[in-house]
Each structure stands twice: as structure tokens, then as C-alpha cells.
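In what follows, a single structure is set out as C-alpha cells and then discussed.
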Amino acid sequence: MSCISHPSQLSGQKISSINISSIINNNHNNNNLKTPNQITPSPFKCHLLQYPSLSFTSQASHLLQIHHNPLQLHQNPLSKTTIIRPIKPISLRPAQTSLSHHSPKPSESTPTQSPQQAQVHLVQPHQAQALCSLPQRHKRSPYSLNPHLQDLKLFSHKLNACEASETALSAALEELPHPPTRENALLILNSLRTWEKTHLFFNWLKTQNLFPLDTIFYNVTLKSLRNGRQYQLVDDLVSEMIEQGIDLDNVTYSTIITCAKRCNLYDKAVEWFERMYKTGVLPDEVTYSAILDVYARLGKVGEVVSLYERARAGGWRPDPIAFAVLAKMFGEAGDYDGIQYVLQEMKSLGVEPNMVVYNTLLEAMGKAGKPGLARSLFEEMIEVGLSPNEKTLTALVKIYGKARWGKDALELWERMRSNKWPMDFILYNTLLSMCADLGLEKEAEKLFDDMKGSARCRPDSWSYTAMLNIYGSGGKVDKAMGLFEEMMRCGVKLNVMGCTCLIQCLGRAKQIDDVVRVFGVSMEKGVKPDDRLCCCLLSVLTFCEEDEIDKVLGCLEKANPKLVEFVKLLGKKEVSFDMVKENFRGILNDSVIEARRPFCNCLIDVCRSQNLYERAHELLYLGTLYSLYPGLHSKNDREWSLNVRSLSVGAAQTAFHEWMRTLSKAVERQEALPKLFSVHAGAGTHKFSQGLASSVALQLEKLSAPFQPNQEQPGCFIATREDVISWVQTRVPSTANLSTEDDGYQKANVATRKQENLETITAFVKPNSLCNILVCIITNMEGGRFGLVETKSFTVGPSNSVPDGSFFNLTAENIVTLLMASSQSPAQV
DNA sequence: TTAGGGTTAG
């Protein structure tokens, strides 16, 4: 199997720059660990600049200030803060004592320090390492020393098995084998599996009044309730602690914060974090990671960085979990600098990444579009002796698939088999998706068969969808339909993506009756049509014979009636451009962002398939207007180019036609032209998506356009200034010898935007017909690009002023005025 | 696994 796109250009030097372990080792070897405030100051600045508005808008800002300046905490009038229980003097954690058993290095904690002294040090980061005594866990009860361990465990099993009701539990508790001492009760409380049981047992303990239920009992119960995602009960229980004067510690706070987080109640999580500060409990490493993750999930990158920085300045030494949180956040944001920053920080602090950190970093590298760095990170992970798990491999397979790195993907797969690395069904499905990305049909079939033969990883709807994608994209319509029938037989649920892949394949094969049948069955089976499916149905319209169109529109009607209405409207001659614009805007507003460009592409294709060239041009204009095609045109002194890579075949043809018009006008006006012109259709790295470049090539040939394939860049066509000029001149007058498309173009309406936006205006007249006057306007888009040429049929109307912003009908006077204003000769008019 | 934090799928 040949490598489809191997990034041999990736320099080893770059890769080695992220070699964490080697850097860490160097640091150790050189005895060269930096103090926190010597550490990589620039990435911070970079992030602070990147997120300029990162000041805390909530109370947390104020509270964090307190953290920095503890004196202020004491001066701060208590009445101004919501006191939920008497404020405790801030002190280092009790863990101090256990630290003393720890033979601290000279740089570590000095337990004799008073809390006040310690707090003053918080504002001096370079000395703050002395305060890194927080990550000491409480001593856990030595359960194994409990003489009744076995009995009590057996009894817990009974409780777990009994009905979850107060009476059933009370009855079961009659048979308690040993007196419910504090230790015995805690052991049982910890052994109960469901939150209902834990809650019932906890309440039973309260009614027994055997001993005071302290923070630990509450914390254990809270954890169990959190597992059941019972935020309200957690909240109630914590309020109860406050009322009863039972101390809330870091465990309590981190449990309630993560409970709120798991219930997606991020605001509550932040609220509890703030309350924690108000009551004088300082977060420790666990609470920091928990709250950083909350801010990260809220997408508040600035807050995370700021809190991280403050916590670091306060002496906190982040651990692998904190770095996993940061790495995930930067990955989600596709922020490569952020990922580098995490790596730098780990390096500076000498924190060795564990498996989860590696997995998170791999995932992040993938999201930031750095497959080469992901690959070297993976190799580094293997080198340091970590064995990849299912998640590691899933991340990497996904990255190679998306990057179309066939060689790496297949090599990895081979290693997975020879090393017997662990597989699960998600990894299987990801491998199948990778095969779909790379067009590896045979390999996918092998995997799919493996899954069918395995006990643990039977193919599910994801697996079938991936196979439908492979067969669908490869045009294997019979195999795809066979899979569909198999799914129906085996009761595998068809999902919307599978349905879309299949319908697309059937449409291309012009099996319109099957399209209708599959769509009908899918709806019956509960598939909820989404924008992509609608888009797919639209594209099926382009493959329809005249008598089949209504069948497909019938399907689309069930999924998106507004879209059907719009398609019908496009075909009506009397419908004005303004109406198209208005309705199209409505369609776009109702659709998800990712589907907007495909919608526009498909609608242009539909118009062209029905010879509605005028509408196609209008839609392309609107698509540009609504920023669906950024970077379509670019222009500098040396080169003008047209980039149609994100366009459908029909949209690309429309755009090319428009562009040719622009070039013709530029030649006619004897404008300064660049040396080079280029059209980019893309290399089509996807095995199944190489149609665009060939269709562009065909169009160029048909028009005898002087663009030649660029040998150095597949999918790119170039022409010299001289060739373009001579070609254009053979086509002069540009209004003569009209092709069908030119006719459509000629009939198109004249439109313009307000005058300041106009970069170039040109007009020409088709003899003997006022209605055929065309005004071509190039809008001056942001970023130095010029938008496409717009035309609108010219009607003589009463208006003689240029309205602001929107489209309007031009009078002859308008045109002359516009041409004068833009220093163009009105002679042609 | 024994009071608290982090990672896998169009």
C-alpha cells in the first residue's frame, strides 16, 4: 500500500523540541531546575496577550486578590462577604505534621512557620515553594486492620442486594454482624454501590445517634451522590453541614464542585469555588484541577490561565492531572501555542507525563492539526516505557486518518497487532473510520469481519455507518445496499449519518426509487433528518431525471419544507433577487454553521442542473456576501488567484465563469495585470474526492482557456498574463458568442452595494436592448480580497440616489454616476 | 477499591 500523503517535510528538529522526557532528564542531570518565576515567562505573556479580557468578572477576581494578599483578607470587612459559617483562620493544612516525617529537603516546608508568615510568602513566588506542602492526603483508615473486615464486606453485599427502600434497609440492618462503631459504619458506607443505598444508610446512621457524623461521613456520602449525579441532594447535604457547624474541607468542596461539573451546572461549580474562598479554605492541588477543568469546559481560557498563574505564584506545584486539564482545554481550542506552553511548563517543573497526559496531549495535537508532533509524542511515550492503551491508539488512529497518512496508519495497525496492544470497540470503529478517510476498502472489510467474529466488539451502528461511508464514497452501491438490508435484518439501528452516506451513494447511481425507499424506512426507524441529510437530498436532485424530481422533493418536504419552498422559488422567473436573498438568509439562519456552505454549494448545483444560471450566480454572490467562501479570490501584484477548493463542482464552474468575466473586464480596461493567474482546485487527497480538479480541467479545456496544470502543485492551474490577454481578446466582445451560461449571466440582475465598497465598476451594453445593460461590480471585501463580480438586470426606475448597503435597481443615471465616481469611462454606456 | 481532580467515536 503506498503512502498517500507522507509528511516527510516534518523536520526532526521540530519534533525533538517537544521531547518532554529528554528535557526533563536534562534538567535533572544539569541540576538546573528553575524557580517558578524564571519559568518560561514568554508563553504566559503570549497567553495574556492572546486573552486580553481575562480579568475575573465574577467575585472570584476579588477573592483571588485576597489569596494574593492575605492581609487584605483580614482587613476585609466580614460583613461584606457572605459568611456561611464562622471564618476559620487561614492555616496550612494539618498535613504539615505528616510532612515532618518526610525528611524535607532544605527547600521544602518549614513547619515552624506561622500561618501569617506563610501567607506573606505567597506573594513571593520564588520563595513560595516552601508552601508546597499542600498535596498531602489525609491518612486513610486502615480498613485492612479491621478485624471484622470480611464479615462487614459480606454484610455490605447483602445491603447492596436488598431493595432500595428505608424499610428494606432497616430490616436488613437488624442483622448487622458487629456493633456499628464509627469504623465499621464508615467501612459499610464506603462499600455501598448505589447512591440511593448510601443515602439511606447515611440517614439511618443519623437516626441512630451512635456517634457524631463528621466531615468524612458527609464526604463519603457526597461522593456516592455525585456518582449518581444527584446535585440537589449534594447541595442539600452541604447546606446541612453548614447549618450543623460541620467543617467543609477541600474534599467537600472538590466533591461538590465536580458534582456540579458532572451535572453540567458549571455556574454552581464556580459559585462553590468562590464560597470556598470566602470561608477561608485555600484550594489544594485537587481543588485547583477541579476548578480549572470547570473554567476550561466553560471555554474560559483566560480565566484558566490567570488562575493557573496565580496558583503557581502562590506556591502550587501543578501535577499531571492539572496538565491534562490544560492540555485538553488548549486542544479543544485548537491552540497549538497553548499546548506548547503546557509542554514547556511540564518541562520546567520536571513533571513527568503519565499515560493520561500523553493521551490528552495526543488528542490535543490532533485537534490543533499537528499530526507529526502527535506521532513523535507517541514514539516518545513508547520510548519511556509506557504501553499505549485503547484511548492512546484511538487518538492516534484518528489523527492519521484525518491527516490522510495512510502509511503511518497502516504501520500503526500492524504494530497494534504484533504487539497485541489492547483493542476495544471504539478503537475498532475508529480504525474503520480511518479506513473510510483513506479509502481502504479491503482493510475495512477485514476489520469488519474481525468484529463480527469477536465476542466483545460486535459491529454496532457506528461500525455499519463507517462501512456505509466506505462503500458509499467508493460508489459500491450494491455492497452498500447489502449492508443496509443486513442492518434491517440484524436490528442494527441506522443513524442519520449512515442514512446520508447511503442516500448519497444511491443518488449518484441514479437509483432514485431506492433513495425514496431508504429515506422512508429511515424515517420510520426514527432517524431524525439533519442539515447534512437535507443537503444530501438536494444534491440528489442534480442526478434526477425530470420526472424524478418531485419524488426527491417529497422526501425533502418531510425533512425541511422551507428548503423545498426555496428550491421551487429559485425556479420562478418572476422572483426577484431580493426575494432570493431574503429567503436564502432565512435558510442559512435555520441551519447549523457547518452545513451552510454545503447548502449553498448544493443549491448552486441544483440551479445549474436546471439551467438556472442566473440563480447560480446570485447564490454564489450571496454565499460570498455571507462569508461562506472566504479566500475564494486573492490578488497581489504578482498573482491573482481563484481558490475553489471548498466549492462543489457546479459552484466552482460558476465561480470560474465569474472570474473569467472579471479578467476580461480587466483586460478590456487595460488594467495593470499580474504576471501570473492561478486556479486552485485542490489535490483531492481523499481517494474519493478527486472529482473537482478534473472537472475544473474539463471546463478549462472546453473554454480553451490557457490555464495549464501546475506540475509542482497538483490541482493547481496556472496561466501567464500574456496568455490570458490573448485568450480574452479572441473572445471579444465579451458579450458576443454567448454560451448558455453567458445568457444566464447576461440576464442576471444588476446589483451593487454602497459606493464606498466598490473597488471597480464596469459596465457594458448589449446592443439594442436597454434591459441588457449590465453593471459588473467588484466589491471590496475585507482583507484585501475582492469579491465576485455581481450583475443585476438593469431597470429604469425613479430612484436616482444610491441607497446605503443593500441591493437596488439602477437607473441609467445611477450607472453613469457610479462610473464617474469610480473614474471609469462611461463611454461604453 | 476504600473521603476529593484528568483521557477514547462522523
Side-chain angles (χ1 to χ4, degrees), chain A residues 135 137-144 146 149 152-153 156 183 186-193 198 214-224 226-227 248-259 261-262 269 283-294 296-297 318-329 331-332 353-364 366 388-399 401-402 422-434 436-437 460-466 468-469 495-498 500-501 530 532 594:
Chain A
R137 307 269 169 137
H138 288 251
K139 260 199 160 171
R140 307 275 151 119
S141 314
Y143 285 147
S144 53
N146 191 319
L149 182 69
L152 290 167
K153 283 214 151 183
S156 297
E183 279 64 37
L186 193 56
L187 201 151
I188 294 171
L189 194 67
N190 259 311
S191 311
L192 295 173
R193 293 227 179 83
T198 316
D214 59 18
T215 306
I216 293 180
F217 278 83
Y218 276 89
N219 287 348
V220 173
T221 309
L222 288 172
K223 184 188 173 189
S224 177
R226 185 193 61 180
N227 289 340
L248 279 67
D249 60 10
N250 261 294
V251 177
T252 319
Y253 282 112
S254 58
T255 310
I256 190 166
I257 286 169
T258 50
C259 178
K261 187 175 79 178
R262 289 184 195 180
D284 65 9
E285 84 284 8
V286 175
T287 319
Y288 268 131
S289 317
I291 196 64
L292 284 177
D293 194 34
V294 170
R297 281 164 200 252
D319 59 10
I321 294 178
F323 286 122
V325 168
L326 293 183
K328 184 179 180 192
M329 174 185 75
E332 294 291 334
N354 61 16
M355 164 90 72
V356 177
V357 174
Y358 271 115
N359 290 353
T360 314
L361 283 166
L362 281 174
E363 185 89 353
N389 69 4
E390 295 89 335
K391 291 174 188 178
T392 319
L393 298 166
T394 300
L396 207 59
V397 167
K398 194 174 146 193
I399 290 167
K402 292 284 160 256
M423 294 278 284
D424 64 3
F425 76 103
I426 294 182
L427 180 51
Y428 261 115
N429 285 343
T430 308
L431 280 165
L432 282 176
S433 300
M434 178 269 285
D437 283 328
D460 64 354
S461 68
W462 282 78
S463 331
Y464 274 93
T465 301
L468 284 172
N469 190 5
N495 62 25
V496 68
M497 185 184 169
T500 306
C501 291
D530 61 4
R532 286 188 184 280
E594 312 84 75

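Convention: sequence-line order gives letters A, B, ...; per-chain numbering from 1. Predicted model only: the values in this text are computed from it and were never measured.
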Which part of the nucleic acid, if any, lies within contact of [X], taking any heavy atom under 4.0 Å across all strands shown: a base, the sugar-phosphate backbone alone, or nothing?
{"X": "A:Asn429", "result": "base"}
{"X": "A:Phe323", "result": "nothing"}
{"X": "A:Thr360", "result": "sugar-phosphate"}

Can you list the stems that include DNA chain B, where a stem is three or more consecutive Watson-Crick or G-U pairs with distances under 3.5 Å?
none
Please list, chain by chain and in numerical order, all residues satisfying side-chain contact (heavy atoms from CB on, under 4.5 Å) with [X], sequence neighbours excluded.
{"X": "A:Ser224", "result": "A:Trp195, A:Thr198"}
{"X": "A:Ser254", "result": "A:Val286, A:Thr287"}
{"X": "A:Thr215", "result": "A:Asn219, A:Met241, A:Ile246, A:Asp247, A:Asp249, A:Thr252"}

Reckon A:Lys398 has a side-chain N or O less than 4.0 Å from the OP1 or OP2 of B:dG10?
yes
Residue list, side chain to side chain donor-acceptor pair (under 3.5 Å) with A:Thr258, at least two apart or on another chain
A:Arg226
Whole Å only: how far is the CG atom of A:Asn359 from the P atom of B:dG6?
15 Å
Suppose we screen for salt bridge (Lys or Arg N to Asp or Glu O under 4.0 Å). Which residues come up paired with A:Lys153, at least two apart in sequence or across chains?
none
Contact check, side chains of A:Met497 and A:Asn469, non-hydrogen atoms, under 4.5 Å
yes
Would A:Trp462 count as stacking on B:dG10 if stacking means ring centres less than 5.5 angstrom apart and planes tilted under 30 degrees?
yes
